[in-house]
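The first residue of the sequence shown is numbered 1, and numbering continues consecutively from there.
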Amino acid sequence: MAAEREAGRLLCTSSSRRCCPPPPLLLLLPLLLLLGRPASGAAATKSGSPPQSAGASVRTFTPFYFLVEPVDTLSVRGSSVILNCSAYSEPSPNIEWKKDGTFLNLESDDRRQLLPDGSLFISNVVHSKHNKPDEGFYQCVATVDNLGTIVSRTAKLTVAGLPRFTSQPEPSSVYVGNSAILNCEVNADLVPFVRWEQNRQPLLLDDRIVKLPSGTLVISNATEGDGGLYRCIVESGGPPKFSDEAELKVLQDPEEIVDLVFLMRPSSMMKVTGQSAVLPCVVSGLPAPVVRWMKNEEVLDTESSGRLVLLAGGCLEISDVTEDDAGTYFCIADNGNKTVEAQAELTVQVPPGFLKQPANIYAHESMDIVFECEVTGKPTPTVKWVKNGDVVIPSDYFKIVKEHNLQVLGLVKSDEGFYQCIAENDVGNAQAGAQLIILEHAPATTGPLPSAPRDVVASLVSTRFIKLTWRTPASDPHGDNLTYSVFYTKEGVARERVENTSQPGEMQVTIQNLMPATVYIFKVMAQNKHGSGESSAPLRVETQPEVQLPGPAPNIRAYATSPTSITVTWETPLSGNGEIQNYKLYYMEKGTDKEQDVDVSSHSYTINGLKKYTEYSFRVVAYNKHGPGVSTQDVAVRTLSDVPSAAPQNLSLEVRNSKSIVIHWQPPSSTTQNGQITGYKIRYRKASRKSDVTETLVTGTQLSQLIEGLDRGTEYNFRVAALTVNGTGPATDWLSAETFESDLDETRVPEVPSSLHVRPLVTSIVVSWTPPENQNIVVRGYAIGYGIGSPHAQTIKVDYKQRYYTIENLDPSSHYVITLKAFNNVGEGIPLYESAVTRPHTDTSEVDLFVINAPYTPVPDPTPMMPPVGVQASILSHDTIRITWADNSLPKHQKITDSRYYTVRWKTNIPANTKYKNANATTLSYLVTGLKPNTLYEFSVMVTKGRRSSTWSMTAHGATFELVPTSPPKDVTVVSKEGKPRTIIVNWQPPSEANGKITGYIIYYSTDVNAEIHDWVIEPVVGNRLTHQIQELTLDTPYYFKIQARNSKGMGPMSEAVQFRTPKADSSDKMPNDQALGSAGKGSRLPDLGSDYKPPMSGSNSPHGSPTSPLDSNMLLVIIVSVGVITIVVVVVIAVFCTRRTTSHQKKKRAACKSVNGSHKYKGNCKDVKPPDLWIHHERLELKPIDKSPDPNPVMTDTPIPRNSQDITPVDNSMDSNIHQRRNSYRGHESEDSMSTLAGRRGMRPKMMMPFDSQPPQQSVRNTPSTDTMPASSSQTCCTDHQDPEGATSSSYLASSQEEDSGQSLPTAHVRPSHPLKSFAVPAIPPPGPPLYDPALPSTPLLSQQALNHHIHSVKTASIGTLGRSRPPMPVVVPSAPEVQETTRMLEDSESSYEPDELTKEMAHLEGLMKDLNAITTA
């Protein structure tokens, strides 16, 4: 019985039809059993060969597939047809055919016969109106006995019907050089059998004369020879059928213009991928038109494209259609006088295809398996499964999972065979199959098998799962290596399933996905390394009945019934599980998270009081006596639109001339629009009397309108209302403006006002004026400027009608200068100046009323209006702020009933910015738009009523929101790092439109500028740093760099790609003439061989390459101990030496300092000179100044992690490495490699530096330990020669100190000379050429070009002595620098200097010690 067989073995599958042969012997299965059995979820694993055990014989997958499948075929009555089919298998398969799902009996059919290869031959196809026995769907079925059956794709056989003309050619005429068409349309299946005749002779088709797929004939560029009688013929196997004849007349060119007319417009069509599509477009007219095509607003190039061809008359042919060809096509004809166009839609369908085909599977009985199948196509294909030629009907044990996969539960022997996934849509079908083999269980190996598990019980029983537990078999009380399988089945069902424990020794399992209130039979079986043991006694368990809760209510629908109400309907749940007591309807406004609910007892409900033109979501839950059931899916609907509930905002008028006024407004707030604004209604009338009202409609989103045809010198009232599809909303209040008396000139600025008078008071000045004498130039207002001593401190703009203004909030007893300018849209005119001194505080005289004897000058009102109060700025977006205020001169309800208006002014809150922008408003709010993102603005308001105005209100401030950067970083430059050809430095400047605080940058680089951006390498830069270092690039390779800035709102645009080619191998790292390798014995140093160099092994250590005798272990131990002791002694001696500070040292230091200051014209304090730290190496003795500046320049960054070993300078032994690490530990943030050995000997290129903060740039002189292996004695040197009359040592220290302090001043030239005490190795003479450039990071170059062209003041030479031998002097370039006031700080960071004589003695003593050490090592 299947329940007692071993189950849970690994399953193997094959993803191909052809199986690999199994290995001769696999002991995999017993091994897995020994290690532990897999869980049922892993019951099937994909593999190319079946599981085997010793002595087991396992069948392999049999190649069985179709070589040829039938395809859709078109035939004609009386002809013969062959539907091809051929299948491969060993042994050969038996082929049968189905028609419309039924097997054909070919033995008794005299017209249909099976060909030897399996194809179906149909002779003398029969087809009539009422008898169509051969037309239909055919399918080839291949069967192999004792193996299985597969079916082919379905092919459609279409038989062309009797010829019928739906349209025939008609007589027509055509001008020479123009186009003509002759219709001949037949049923679609006969189009391939249509041909044309001219004058009863076959018509030859060419590029000028074509037949369209519909059968229509198109003649382009007509000639006289095209005239004649035309007819079309259909030849479909029977006698030909002729259409009517029609005469085509060719007319001479009338030499006059003939309008363009479409003879045939393009029509929308649907095509399948791989087919050809012809979009017809034929236009006639004189001059003859030129036809061009566009697709989705993109011009199609029919000349260079291989798939797009322009046929006769302008028709477009697309061959081998793809899915990308779908879209809207426009045919545009133009003859220079007129242009016409037509459009058509091309829809492309895709036959089914397989993204993932089923794979062959090995399995055992009782297992669960899944055949996977992923399909694609357009329209989306449907999928069905076929087993051995029969359709699989879904059931409890055959389930469709994950849309298209087939799951088979509880395998039995009869499930074996071939399974096929068949995908089908409107334009085709396809099939793919796989084989399932049910394996026989391998016989148990020799050895005891476990007995039945004991005490099997259901410890937990639920509605859809059961948990089983048991004890170990009596034969194996410990059971640590036992695995278990649980077999279960529904009572009364033969199909059995299995669940395996997840690990050895586990004695419980949970069976999932059971049915409620159902009886199941369970048995448990144990397995050990020898095989499966006895089965436990059957256990009968019934699952709990499920709580009878309602299912989801079907057919839930929601529809808007008004702008504020929505009705929701639904039906009774299909699984009500008892009486439904009530329903709960949940609804929520889209974009919020607050859900509301209402209890409903019926199947519909109308919710009122909703927001107009707002989207809501709804769901329904049914309740019965057990509680709430399953919720329905959400349905969304929007309430209906309505007329706007508020008037447009910020209405303003601008008088253009004597007959026109421009009206401006802004839309109502979004919460009051109640729908899509479709336009605005403008009403206006004369203000002098209750005249007729004129209406003007403005469609779309236009926010201004020019009203023309007005009377001269007449006052008009205007109001505006917004429109939706539902009607007109409330209108604004009436706003007045008066046209000019005459058409004034606005091509130039106004002239100077004719007079200006001022009346000073204690804290105010009353200003009055008269307009310019030339009244023919438009004046739109006056600009009043004032300030103490200067009129440019404040500017006020007033209306063109105003003739006075009171300047408030002035200082008493102060001299103010006042200017007055008239302005219009062209600009401001010539100013008129006046000055006045405000009265002192003690002046309590009354304000005098005065009259200025000038035309049009009114008497000032002694009581100016109160300014608006409570000005508030509400930020709405990155460019919009709403200004609101209150007016204390209005009643409590704040309703404006007079002609007052408000002026809002604003500017950025920058002290240097005094330029205001102004706007007028007739309500107590104004929407200021067009502002800059992330910018602080200040706002103030004043009120004007007739000739009275208030002062400006208190200011309100508001900062617009941030916006993503709208411009890329600028000035992107890439330079190579000196001495590191594989490292580059990228510099840039922030974007000009950052629109917020820059929080970082992203650097993209690639060797292919055309690569997709996701293929570029990304280097993030955190913060607002403006430089970055990228390491480990490939030499002599072009790279492209782009930079993108980001702020809190997101990423901005990328900069343009900047190209940079990395240099070739750095030849400067090699010694001149390659003499280094051959002269090691003379005290020279080996060149820096790079990170790939490895020191020679023993036997090739000698400077000249001669082998050295190996040392025994005792001698090597003595050497190591001696070196360690001597090194410690040397360090102690130097430490003692460094701590010796005497009075004579101080005196000599002052003298040296004076010498330096005298030669370099700098003042400094000698007590601040700091000696260099003395680093001693047993192979290279060197002195090195240590830069301990605590704060490196934050602007320059470095990629923090080396990308490979090349970033780490190689050392020759452990001591070298330790010293190198200790030296780097003093560099603070400077973790980069030191410059190479030879780089330290070269002259340094001067470099212009711009400090970015108060900290000086961190400059230090460094060198990298070399990898030479020569004897230590060969590289011993003595101290610096102090006989240099120029004071080389001091000058070097001076240059270094000058660098360190340069960040305190303006940009200055920095120089990095090699320190004279840097190394005791003999430096090579630097090669001729320009000085080399080796900046130390962190630093940022300002203008490297300036540094190169800088005039050099002087060249100092620093000579270095070596064992008493003079060496050629090494030049140190000192570039000129800008003069600075404070030069006494150049030597601030230095503390002391060494006595040259004492240093010489100490170094001579060390030389002796090193000679002794050398003698020991060479012994």
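Salt-bridge formation is not detected for the pair R712/E741: no Lys NZ or Arg NE/NH1/NH2 atom is positioned less than 4.0 Å from an Asp or Glu carboxylate oxygen. For the pair R683 and E695, the salt-bridge criterion is met [side-chain N within less than 4.0 Å of a carboxylate O]. Between D692 and R685 no salt bridge is recorded (no basic side-chain N to carboxylate O distance below 4.0 Å). Here D799 does not pair with K801 in a salt bridge; the nearest charged N to carboxylate O distance is not below 4.0 Å.
The two residues N650 and A921 make their nearest non-hydrogen contact at OD1-CB, 4.5 Å. The two residues A646 and P668 have their closest heavy-atom pair at O-CG, 3.6 Å. Considering every non-hydrogen atom in both V826 and E746, the closest pair reads CG2-O, 2.8 Å. The shortest non-hydrogen separation linking P667 to L703 is CD-CD2, 3.6 Å. Between A873 and A956, the closest heavy-atom pair is N-CB, 4.3 Å. Taking each heavy atom of D733 and R719 in turn, the nearest pair found is O-CB, 4.1 Å.
In this structure, L723 and L697 have side chains that are in contact, with non-hydrogen atoms separated by less than 4.5 Å. Between R803 and P771 there is a side-chain heavy-atom pair separated by less than 4.5 Å. With a 4.5 Å cut-off on side-chain heavy atoms, V693 and Y684 do not count as touching. Considering only heavy atoms from C-beta on, Y680 comes within 4.5 Å of P648 through its side chain. Side-chain contact check for T884 versus V871: every heavy-atom pair is 4.5 Å or farther apart. Residues V698 and W665 meet the side-chain proximity criterion, which asks for heavy atoms closer than 4.5 Å. Residues S764 and E808 meet the side-chain proximity criterion, which asks for heavy atoms closer than 4.5 Å. Using a 4.5 Å heavy-atom threshold, the side chains of T908 and L931 count as separate.
Within a 6.0 Å radius of NZ in K659, other residues, nucleotides and ligands contribute 12 heavy atoms or fewer. Within a 6.0 Å sphere centred on CD of E715, heavy atoms belonging to other residues, nucleotides or ligands number more than 12. Applying the 6.0 Å contact sphere to CG of N1024 captures no more than 12 heavy atoms from other residues, nucleotides or ligands. The environment of CE in M1051 is crowded: more than 12 heavy-atom neighbours from other residues, nucleotides or ligands sit within 6.0 Å. Within a 6.0 Å sphere centred on NZ of K917, heavy atoms belonging to other residues, nucleotides or ligands number 12 at most.
Each salt bridge (charged side-chain N to carboxylate O under 4.0 Å, His left out) pair with one or both residues in residues 701-711, not counting sequence neighbours, appears once here: K686-D711.
Rounded to the nearest 0.5 Å, atoms OG1 (T944) and CG (N920) are 7.5 Å apart. One finds the CG atom of N657 at 11.5 Å from the CG atom of D745 (value rounded to the nearest 0.5 Å). Taking OG1 from T880 and CD1 from I875, the interatomic distance works out to 11.0 Å, rounded to the nearest 0.5 Å. Here OH of Y716 is found 10.5 Å from CD of E738. Values are rounded to the nearest 0.5 Å. Remark: L810 CG to Q794 CD distance equals 10.0 Å, nearest 0.5 Å. Rounded to the nearest 0.5 angstrom, T696 OG1 and K681 NZ are separated by 11.0 Å.
A side-chain donor-acceptor contact under 3.5 Å links S950 to the backbone of V943. At distances below 3.5 Å, not a single donor-acceptor pair connects side-chain atoms of N824 with backbone N or O atoms of V749. Looking at T671, its side chain never comes within 3.5 Å of a backbone N or O of S669 through a donor-acceptor pair. Looking only at distances, no side-chain donor or acceptor of Y902 sits under 3.5 Å from a matching main-chain atom of P868. Panel note: side chain T795, backbone G785; no donor-acceptor pair is recorded below 3.5 Å. No donor-acceptor distance shorter than 3.5 angstrom exists from the side chain of T838 to the backbone of T763, with no hydrogens or angles considered. Side-chain N or O atoms of T935 include one that pairs as donor or acceptor with a backbone N or O of P933 at under 3.5 Å.
For Y1001 and W988, the distance between ring centers is under 6.0 angstrom. Here the two rings, on F718 and W734, have centers that are 6.0 Å apart or farther.
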Exercise for review: Please assess T678 against T699 for the test side chain to side chain contact (heavy atoms under 4.5 Å, CB included), listing each intermediate value before the final yes or no.
Suggested key: CA-CA 6 Å; T678 58; T699 59; over 6 Å; no
Point to revise | Worked verdict on E993 versus T966 for side chain to side chain donor-acceptor pair (under 3.5 Å) | key: CA-CA 6 Å; E993 297 175 4; T966 52; 2.5 Å; yes
Exercise for review: List the steps, then state whether salt bridge (charged side-chain N to carboxylate O under 4.0 Å, His left out) holds for D898 with K945.
Suggested key: CA-CA 8 Å; D898 50 26; K945 179 181 178 182; 3.2 Å; yes
Check your understanding: side chain to side chain donor-acceptor pair (under 3.5 Å) between E962 and N995: does it pass, once the steps are laid out?
Key -> CA-CA 6 Å; E962 290 190 1; N995 299 337; over 6 Å; no
Exercise for review: Any chance you could lay out the side chain to side chain donor-acceptor pair (under 3.5 Å) test for N1047 and T999, step after step, and finish with the verdict?
Suggested key: CA-CA 5 Å; N1047 59 18; T999 59; over 6 Å; no
Practice item. Quick one: do W952 and I796 satisfy side chain to side chain contact (heavy atoms under 4.5 Å, CB included)? Show the steps, please. Key: CA-CA 9 Å; W952 289 106; I796 304 297; 2.6 Å; yes
**Study point:** Pair R656-L706, side chain to side chain contact (heavy atoms under 4.5 Å, CB included): steps then yes or no
**Key:** CA-CA 9 Å; R656 280 288 176 90; L706 176 64; 4.1 Å; yes
Practice item. Walk me through it: do I881 and F939 pass the test side chain to side chain contact (heavy atoms under 4.5 Å, CB included)? Key: CA-CA 10 Å; I881 295 180; F939 304 87; 3.9 Å; yes
Practice item. Applying side chain to side chain donor-acceptor pair (under 3.5 Å), run through R905 and S940 and close with a yes or a no. Key: CA-CA 6 Å; R905 73 174 183 180; S940 54; 2.8 Å; yes
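For the residue pair S754 and T770, a side-chain donor N or O sits within less than 3.5 Å of a side-chain acceptor on the partner. In this structure, a donor-acceptor pair under 3.5 Å is present between the side chains of Q649 and R882. A donor and an acceptor atom, one from each side chain of T903 and N918, are nowhere located under 3.5 Å apart.
A tilted orientation is assigned to the rings of Y786 and Y816, their planes being inclined by 30° to 60°.
Taking the ring axis of Y916 as reference, the NZ or CZ atom of K797 does not stay both within 45° of it and closer than 6.0 Å to the ring centre.
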